Amino acid sequence: MDAILEQYDMYPKVFPVNTDVEMTLCALKPANAFTGEYIVQFCSLDHGSEEWMLYEIPVTAGEDKALHFTCRLEEEGEYFVRVFQDGQLFKMSVYALEADLACRIPLRGDLHLHSTRSDGAQSPEIVCANYRKLGYDFLVLTDHHRYYPSLEAMEAYKEADLTLNILPGEEVHMPMTDVHIVNAGGMYSVNGLLYSNAQFKECGDDLSKRSFNGEAPAMITDEEYERQILEIMESDRCADCPPRVNKKSFAVCCWAFDRIREAGGLGIFAHPFWIAYQYNVATDLTLYMMKKHPFDAFEVLGGENYYDMNGLQTALYYEEYKEGRVHPIVGSTDSHNSEPSNRNYDVCSTIVFAHANEREDILQSIRDMYSLAVDTISKEFRLVGGFRLQRYGCFLMQNWYPIHDMLAAEDGALMSKYCAGEANAAELAVMKQKSDAMFAKYFKTL
């Protein structure tokens, strides 16, 4: 954490443009308490060196030994708040937002990771606790072929009012394609629609295992599935399929993404440049997928820390952007081990700018392209997304998440204790109240 954040607190940190905002600046250490007269300057990072200081105001420390003042900023962007008393003492940052972002809060999460129910190292409920410790606000557990582990994770905490929002999900693997697809937040299992899938072999046609709310379409045979795939292959959706593209594989992807949307989920085209002897998806098929866009979001970052995968996916995203095809994006750990011993346990994540930490709002905000993919492979973070959101994301990574993550770490540790029977639901409810209060303190929303 930046040394200034350890010594001083200023709130709110984020607020709408053209709004009078009551600010508080206080010391976190008694030795730094404010007394006497100060000058507070507001400086724009966007203006040239001769114009960056917008205005300054004199402020007298209050009886609470804090500074209280009103600011009003007219343009979206980051601003330095510089504090003087016989020379500059320090500076901190705030961010002003236009209305469409000022009504949203940043939520960091993961939409693709695994537990012991497929090939992960920890049980579903422990995976959730471990990622809350890292600062995640939402999580979609997506075990291979299986939907029910995500339901198990929710079931483990059903008596607790959690801060972490656990969404249903699965990694979808359908016959006749090697493409990996994520069903994030769908209300029922797409794997579970097919009798030949591992979900059926383990759970049968049990709706409590393949549906969030006890409702799902009837399962189909392999013969009916193949008939539906052939129908897509013969439709206009595949009419311009190039010779080197596996038309059947593309048709299967269309089928899976259609079913995910029908389930109310977000269909994610996952890690095409993951290397398993060769790229997970043939490059011609990847390029055709990007052109036709049957998916809802592209996993631009995730799973591994080598450049070939994340670097090429990022390059492809920006190439598509240049061509006018702007895809909603996510970043994911694709973690199979949620402990720090796994070098990839926190490589990538997603920041979603949503109105609330709720399933439908998170998914819709991604569809509406209010998301950033976050690369934390190295100490110096990297972001993928549009310029405007990246600017805001940089501010958040430096000025919000260091504070946010301290409380999240405490909350996640309590979740682990809860799983072990060493903490109760009331204690977790208190942590949620603290988290809600923290968002309200630092974000003045419309």
Side-chain angles (χ1 to χ4, degrees), residues 110-114 119 140 142 144-145 169-184 190-191 232 237-238 240-258 260-261 265-323 325-336 344 347-350 366-367 369 371-375 377 382 384-385:
D110 195 346
L111 298 103
H112 182 186
L113 73 173
H114 303 276
D119 54 352
V140 188
T142 57
H144 297 286
H145 300 279
E170 61 188 342
E171 188 158 1
V172 177
H173 300 274
M174 302 308 298
M176 300 186 287
T177 186
D178 292 326
V179 178
H180 290 209
I181 293 171
V182 170
N183 171 13
V190 172
N191 286 305
I232 296 173
R237 299 176 78 172
C238 297
D240 63 346
C241 190
R244 286 175 59 88
V245 171
N246 185 324
K247 183 184 292 189
K248 182 176 289 186
S249 185
F250 176 73
V252 170
C253 292
C254 291
W255 184 94
F257 288 124
D258 289 349
I260 291 169
R261 276 189 287 274
L266 185 83
I268 301 173
F269 179 29
H271 56 59
F273 290 117
W274 168 52
I275 299 175
Y277 300 106
Q278 66 276 330
Y279 292 138
N280 177 232
V281 182
T283 302
D284 288 318
L285 175 55
T286 294
L287 297 178
Y288 188 63
M289 288 274 284
M290 301 302 280
K291 176 184 176 182
K292 301 292 283 189
H293 192 92
F295 52 88
D296 297 312
F298 177 45
E299 189 180 75
V300 68
L301 300 175
E304 288 290 346
N305 58 21
Y306 50 80
Y307 183 83
D308 310 51
M309 186 169 114
N310 293 319
L312 293 179
Q313 287 163 186
T314 299
L316 179 57
Y317 166 74
Y318 287 120
E319 286 284 339
E320 288 285 298
Y321 203 109
K322 183 178 68 175
E323 294 298 322
R325 294 188 292 268
V326 185
H327 304 288
I329 55 173
V330 300
S332 304
T333 63
D334 192 5
S335 168
H336 293 70
N344 292 335
V347 289
C348 305
S349 59
T350 304
I366 295 172
R367 294 186 193 103
M369 292 184 285
S371 65
L372 284 172
V374 184
D375 173 349
I377 293 171
R382 300 288 185 270
V384 179

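Everything quoted here is computed from the prediction, not taken from an experiment.
No option in L111, D110, V300, L372 other than L111 meets the side-chain contact (heavy atoms from CB on, under 4.5 Å) test with T350. If you run side-chain contact (heavy atoms from CB on, under 4.5 Å) between I260 and each of I181, L266, V182, only I181 comes through.
The two residues V347 and G303 come nearest to each other via the heavy atoms CG2-N, 3.9 Å. Smallest separation of non-hydrogen atoms from F295 and M289: CE2-O, 3.4 Å. Summarising the geometry of N183 relative to G265, their closest heavy-atom pair is OD1-CA, 4.1 Å, with the distance given to 0.1 Å. When every heavy atom of C348 is checked against every heavy atom of L301, the shortest pair comes out as SG-CB, 3.7 Å. Minimum interatomic distance between R237 and Y288 (heavy atoms only, all atoms of both residues): O-OH, 3.6 Å. Nearest heavy atoms, G169 versus V140: CA-CG1, 3.8 Å.
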Notebook entry, point to check: Checking side chain to side chain contact (heavy atoms under 4.5 Å, CB included) for the pair F257/V172: CA distance, chi angles, key distance, verdict?
Noted result: CA-CA 10 Å; F257 288 124; V172 177; over 6 Å; no
Note to self: Assess the residue pair T314 and R382 against the criterion (side chain to side chain contact (heavy atoms under 4.5 Å, CB included)); give the C-alpha distance rounded to whole Å, side-chain angles, the decisive distance to 0.1 Å, and a yes or no.
What the structure shows: CA-CA 11 Å; T314 299; R382 300 288 185 270; over 6 Å; no
Next item on the list: Give the C-alpha distance, both sets of side-chain angles, the deciding distance and a yes or no for side chain to side chain contact (heavy atoms under 4.5 Å, CB included) between C238 and I232.
Entry: CA-CA 7 Å; C238 297; I232 296 173; 4.2 Å; yes
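In this structure, R244 places its CZ atom where only 12 or fewer heavy-atom neighbours from other residues, nucleotides or ligands lie under 6.0 Å away. D284 CG: more than 12 foreign heavy atoms inside a 6.0 Å radius. Heavy atoms from other residues, nucleotides or ligands lying under 6.0 Å from NZ of K292 number more than 12.
Taking the six-membered ring where the residue is Trp, Y321 and Y318 present tilted rings, their angle falling between 30° and 60°. In this pair, H180 and H144 present their aromatic rings perpendicular. The plane angle is above 60°, beyond the 30 to 60° band. The aromatic rings of F298 and H327 sit perpendicular to each other, their planes meeting at more than 60°, with 30° as the lower class boundary.
Separating the CG atom in L312 from the OG1 atom in T283 is a distance of 8.5 Å, to the nearest 0.5 Å. Once rounded to the nearest 0.5 Å, the distance linking CE of M174 with NE2 of H145 reads 10.0 Å. For the atom pair L285 CG and Y279 OH, the distance stands at 14.5 Å (nearest 0.5 Å). Atom NZ of K248 sits about 12.5 Å away from atom SG of C241, to the nearest 0.5 Å. The line from CH2 of W274 to CD of Q313 is 12.0 Å long, rounded to the nearest 0.5 Å. Note that the CD atom of E323 and the CE atom of M290 stand 12.0 Å from one another [nearest 0.5 Å].
For D308 (side chain) and F273 (main-chain N/O), no donor-acceptor pair under 3.5 Å exists by modelled atom type. A donor-acceptor contact shorter than 3.5 Å is absent between the side chain of D296 and the backbone of R367. Side-chain N or O atoms of T142 include one that pairs as donor or acceptor with a backbone N or O of L113 at under 3.5 Å. The backbone N or O of S332 sits nowhere less than 3.5 Å from a side-chain atom of E299 that would complete a donor-acceptor pair. The main-chain N or O of I329 is never found under 3.5 Å from a side-chain atom of Y317 such that the two would form a donor-acceptor pair.
At a cut-off of 3.5 Å, with distance as the only test, a side-chain donor of H112 or D334 sits close to an acceptor on the other residue. Between the side chains of E304 and N310, no donor-acceptor pair of N or O atoms lies under 3.5 Å.
For the pair T286 and F269, the minimum side-chain heavy-atom distance is below 4.5 Å.
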